[in-house]
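If you're wondering where the values come from, they're calculated on a predicted model, not measured in any experiment. Chain A is the first sequence line, chain B the second, and so forth, proteins listed ahead of strands; every chain is numbered from 1.
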Amino acid sequence: MIRKGIYRRQFMQGGGAAAAGIAAAASGAVLIAPDGAWAMSLSALGQHEGETLLQVSRQIYPHPNLGDMYYAKVVDDLDAKAKADAATATLLKNGVAALDKAMDVPFTELSSGNQLAVLTTMESTPFFQTVRGTAVVSLYNNPLVWRFFGYEGASFPYGGYIHRGFNDIAWLPKPPESASPAAG
Amino acid sequence: MAKYELSDDSVVVIIGSGAGGGTLANELCQKGIKVVLLEAGPRHTIGDFVNNEWAAFSMLAWLDKRTASGSWRVAKDFPNLPAWICKTVGGTTVHWAGASLRIQEHEFRTRSVYGAIPGTSLLDWPITLADLEPYYAKAEDKMGVTRTNNIPGLPGNNNFTVMYWGATRLGYKEVSTGRMAINSRPRDGRDSCWQMGFCFEGCKSGAKWSTLYTEIPKAEATGRLDLRPRSMVLQIQHDASGKVTGVLYADPSGAHHVQKARVVAVAGNSIETPRLLLNSHSSRFPDGLANSSGEVGRNYMRHLTGSVYAIFDRPVNMYRGTTMAGIVMDEAGNNPKRGFVGGYHMETISLGLPFLAAFLNPGAWGRGYTRQLEGYENMAGMWLVGEDMPSPTNRVTLHANEKDQWGLPIPDVHYDDHENDIAMRNHAFRQGDAVYQAVDALRTIEVPPYPSTHNLGTCRMSANAKDGVCNKFGQTHDIANLFISDGSQFTTGAAENPTLTIVTLAIRQADYIAGEMGKKAI
């Protein structure tokens, strides 16, 4: 439980509504946390695309207590796909342009409600599906994110759960031996 | 380990090394028969398995392109992944959950018991439960099924405890940790279960039966098995008399070879098996091999499936321990008063967070969805597995224009839910909800079918050659030395998880093949 508590505090520190700042770098865009706690460089996507896609990812899978750094991992994975495939790069750039054009206000400047409304109109587009399909893996396959949800990840290194709480539920009685024999 | 010449036409060639092919290979080798076992996937060891859902999926799943069509929800959610099965030595026995239930007596004669139901191609099996009982007993012993052969049941985990109290408070009587091919005690040189979870990712304790580390090494120990991993069979060949003579396959380098054979047994699971027969068409057999009935690829079944997850106000930690930790069997009988024929089982299921996010409601997004995921720690889950109706239009066909890496047409899997399937799933959802409401769930979530793990029926066995592809021993009606050795043989799907029956049929088929070879009939 102590370990879980530490993780939760880290999430709180990284979280909040503050958007990541953007700074120019010689090789491309860099996403930087407002407090300087983390930074991430992009190679195929520009600064504006990076910042926009981070906010899109947060709107698709919003978790108020999850910090921007975990959504930045989604942008990182999208950037890698864009670098590997020119068609994906074009798809993402055009998608961001469409988001900005939807209300003639840059997507990153839209209110949360307007962002949601714009994304809802685009949810069947290949652009949206590419971002969502990437985000569902990038976000939820991140071991640092698992602790926030109470998922413990690999159990083999610890000998499974046979001695670590596979049947430790405390709010229901034990089923009878006939239904659930003791471990051998 | 044996090494046979490509020109050796005295061998039995088996295509696929899963529950059907891997078992058949060992049974034949034990009888002194020479076997070449061709497996499309690579050979992994238990040490390779990873406790990580996406990494294991990439390692083990069959990811060659397929298409899904029809009105089933899978075609919308997973248009290129109609089935979630494996491409690896051991086949889908690497991935399976371990539930090992015998098919019920009446489920072998559904056409007689259920009657003529419009839109279905129901047919009685050409065999009965009594025919299979001695072989079921052998399979249960081979696989170490709990609650048989004096093997104790497994201990239930948290997910089972929730199911148990919900189900029994609702009045269900047949609720237990069930019959599982997972060692509850060390047996057959394999450890007992560590309650690791990750049953779908390859069992790292070896407690769960898989041909990868039981049948195949035992067959190799006879000195009669020539296992060739990463060998994709492209075509079954025949002579002027119509007998099969061997198979064309691509080796790991991509080079093509022809392995001669006395007998060919196809066990590529119910999508690849009919696809291979269809792709083996020739001037003599323009519609594909063993397809004079036109039934190859038809009557594709995939079980009802669906899941119910529930969120409670306190922790469950469902991912700890065996994935399929318990079962409710009270709804498995045929009781048409419920508004449908056939029955279903409720079996616990759990997913890790990575897969739950992808599968709880495929394609869903936004705060309503993420709020559900935030209940992960307090979540319990069950899978609903029931008998679906066979239909001639639910079928595996060759894609009109898309080709695979070998230049062969990819398979399309077409499926429409029958109204009986829809009524049964609705009933199962309602009962699943009620189980969890009986233990004060805050909310329940009804989850649509995942990509099919139980693929059945596309080369079904039939008493009459016009109704199916093979006879009661899996021998094709058209070609005496060509056999179907996997779940494709199933005449109807029954409600039970199919692996035990696939293994049972393989043991029985091995006796038959050995007998026919001994008589020089094949």
Report yes if the side chains of [X] and [Y] come closer than 4.5 Å at any heavy-atom pair, otherwise no.
{"X": "Y161(A)", "Y": "M196(B)", "value": "no"}
{"X": "D168(A)", "Y": "R320(B)", "value": "yes"}
{"X": "L172(A)", "Y": "N158(B)", "value": "no"}
{"X": "H63(A)", "Y": "R367(B)", "value": "yes"}

Legend entry - Intermediate values then yes/no, side chain to side chain contact (heavy atoms under 4.5 Å, CB included), F156(A) and F49(B): CA-CA 10 Å; F156(A) 173 72; F49(B) 295 156; over 6 Å; no
Inset, instruction - Go through the structure and list residues passing side chain to side chain contact (heavy atoms under 4.5 Å, CB included) with A37(A), not counting sequence neighbours. - result: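 Checked A37(A) against side chain to side chain contact (heavy atoms under 4.5 Å, CB included); matches are D35(A).
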Legend entry - Interchain contact, A364(B) with chain A, by part (heavy-atom threshold 4.5 Å):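 The backbone, not the side chain.
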Inset, instruction - Answer with side chain, backbone, both or neither: which region of T161(B) has an atom nearer than 4.5 Å to a non-hydrogen atom of chain A? - result: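 Both parts, heavy atoms under 4.5 Å.
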Inset, instruction - Output yes when a side-chain donor or acceptor of W171(A) lies under 3.5 Å from a complementary backbone atom of P315(B), and no otherwise. - result: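 Checking the backbone N and O of P315(B) against the side chain of W171(A), a donor-acceptor pair under 3.5 Å is found.
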Legend entry - Sorted by number, residues from residues 173-184 of chain A in contact with chain B (heavy atoms, under 4.5 Å):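 From residues 173-184 of chain A, the residues near chain B are P173(A), K174(A), P175(A), P176(A), S178(A), A179(A), S180(A), P181(A), A182(A), A183(A), G184(A).
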Inset, instruction - Write out, in numerical order, the residues from residues 144-157 of chain B with a heavy atom short of 4.5 Å from a heavy atom in chain A. - result: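 Near chain A, by residue number: R147(B), G153(B), L154(B), P155(B), G156(B), N157(B).
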Inset, instruction - With chain A as the partner chain, list the residues of residues 173-183 of chain B whose heavy atoms fall under 4.5 Å from it, by residue number, and write 'none' if nothing qualifies. - result: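 Those residues of residues 173-183 of chain B which have a heavy atom under 4.5 Å from chain A are V175(B), S176(B), T177(B).
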Legend entry - Audit row: L356(B), Y151(A), side chain to side chain contact (heavy atoms under 4.5 Å, CB included) steps and yes/no: CA-CA 11 Å; L356(B) 192 84; Y151(A) 177 57; over 6 Å; no
Inset, instruction - Flag the one option from R314(B), R185(B), K204(B), E201(B) with the top tally of heavy-atom pairs under 4.5 Å to chain A. - result: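 Heavy-atom pair counts peak at R314(B).
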Inset, instruction - Report the option among V316(B), V439(B), L373(B) that has the most heavy-atom pairs separated by less than 4.5 Å from atoms of chain A. - result: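 Of the options given, most contacts go to L373(B).
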